Amino acid sequence: MYNMNSIGVFDSGYGGLTVFKSIIKKLPAYNYIYLGDNARAPYGDHSFDIVYQYTLECVEWLFAQGCPLVILACNTASAKALRSIQQKVLPYKYPHHRVLGVIRPTAEVIGHYTQSNSIGVMGTRGTVTSQSYPIEIKKFFPAVKVVQQSCPMLVPLIENNEHLTSGADHFVKKYLDDLYSQAPDLDCILLACTHYPLIIPKLLQFLPAHTQVLSQGEIVANSLVKYLQNHPEMAEKIGKESQQQFFTSGDPEVFNTRASLFFGKKILSKQVHL
Ligand code: DGL
């Protein structure tokens, strides 16, 4: 059957593009719609209720564009809104739609990346205070110790393209010191914010050589591959014309310029009024 349905990929702003890039690499044939809620980002310090309300609005907008499946490529939204959307909204309003996040696929595999059974999680305040990672990781790897550090300055530094300057050193060092003071034996750092892959070169300047720095793009892409294999009824609904469309609630010209930093190639976005 020919149809034009797409997979929706959502983030508060640009970070989800780091995940989207990996998804396209693994699954290039599908049609996709990316939505960044740049006008209301960052989400990291917003309350639970606000993140839920904004995320739901964006998910419903993607549903209305013909996305039967939406990926929350944002840890903050996955931590604060996903469960409520899955449990309180989908069964009643959209029984045939699905929304997936980035936390569970990461928790399912992360134990394989540590030898010392000690992991440091860096994320936004929202993600860290939700305790989602310690709770989820415990389900799959009960022996793994998880320490967390919220890094509220990193998203603004990255979004303003200041993350690789010497000005970023103070915050990166401070966050890593705080993380290591909680668990000196940690050998794996999870970048639990989809913006953070851009700051890896700066992190590597301050990290012990043996530390594994884990970002989520490939993990989430692999998990989506499996999901579509296990749910052929969903895979069949989605068009396979390799279309990629980009929307932002912010200024599309600003989005186009900054987004290419995250996506690695030129993007032409359209504005959406949510
Ligand atoms: N990229 C988002 C995440 O993965 C957070 C950015 C924000 O604070 O809006 O958590």
Side-chain angles (χ1 to χ4, degrees), residues 8-23 34-59 70-83 85 99-107 110 120-136 148-163 168 171 175 189-200 203 213-221 223-224 246-250 254-255 258-259 261-263 274:
V9 181
F10 163 74
D11 181 54
S12 60
Y14 304 102
L17 292 165
T18 62
V19 172
F20 189 27
K21 200 163 69 173
S22 302
I23 291 177
Y34 183 90
L35 172 61
D37 190 9
N38 298 78
R40 302 186 292 193
Y43 277 15
D45 282 338
H46 288 326
S47 70
F48 186 97
D49 288 347
I50 291 290
V51 173
Y52 171 66
Q53 182 198 319
Y54 288 174
T55 304
L56 181 58
E57 279 171 21
C58 291
V59 165
V70 172
I71 313 297
L72 301 185
C74 173
N75 287 272
T76 313
S78 299
K80 291 189 160 186
L82 179 61
R83 187 169 301 231
I85 292 175
V99 182
L100 306 174
V102 291
I103 296 176
R104 193 184 168 104
T106 308
I110 193 156
V121 173
M122 298 172 82
T124 64
R125 260 196 205 111
T127 299
V128 167
T129 55
S130 76
Q131 296 292 331
S132 300
Y133 275 102
I135 293 168
E136 286 298 314
Q148 302 193 94
Q149 180 60 41
S150 61
C151 310
M153 291 305 289
L154 296 191
V155 166
L157 282 167
I158 293 168
E159 294 219 336
N160 288 291
N161 202 14
E162 294 286 347
H163 51 290
F171 291 104
Y175 295 146
I189 291 192
L190 169 65
L191 303 182
C193 171
T194 54
H195 280 65
Y196 294 177
L198 273 78
I199 207 166
I200 289 176
L203 292 172
V213 179
L214 197 60
S215 42
Q216 297 172 292
E218 217 175 300
I219 294 172
V220 175
S223 145
L224 181 58
F246 296 86
F247 292 87
T248 174
S249 59
V254 176
F255 184 87
R258 295 201 187 149
L261 272 176
F262 293 78
F263 197 56
L274 294 165

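One-based numbering, in listed order, for ligands and for the atoms of each. Keep in mind the model is a prediction, meaning the values are calculated, not measured.
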Going by atom type alone, with no hydrogens or angles, which donor-acceptor pairs under 3.5 Å involve a side-chain atom of residues 151-161 and a protein atom two or more places apart or on another chain?
residue	atom	partner	partner atom	Å
Glu159	OE2	His195	NE2	2.6
Asn160	ND2	Pro156	O	2.8

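Using a 4.5 Å cut-off on side-chain heavy atoms (C-beta onward), Leu203 and Leu191 make contact.
At most 12 non-hydrogen atoms from other residues, nucleotides or ligands lie less than 6.0 angstrom from CZ of Arg83.
Protein neighbours of ligand 1 below 4.0 Å, counting non-hydrogen atoms: Asp11, Ser12, Pro42, Tyr43, Gly44, Cys74, Asn75, Thr76, Thr124, Val155, Cys193, Thr194, His195.
Under the 30°/60° scheme for interplanar angles, the aromatic rings of Tyr54 and His46 are found to stand perpendicular.
Judged purely by atom type and a 3.5 angstrom limit, Ser215 has no side-chain atom pairing as donor or acceptor with the backbone of Gly217.
For Phe263 and Tyr34, the ring centers sit 6.0 Å or farther from each other.
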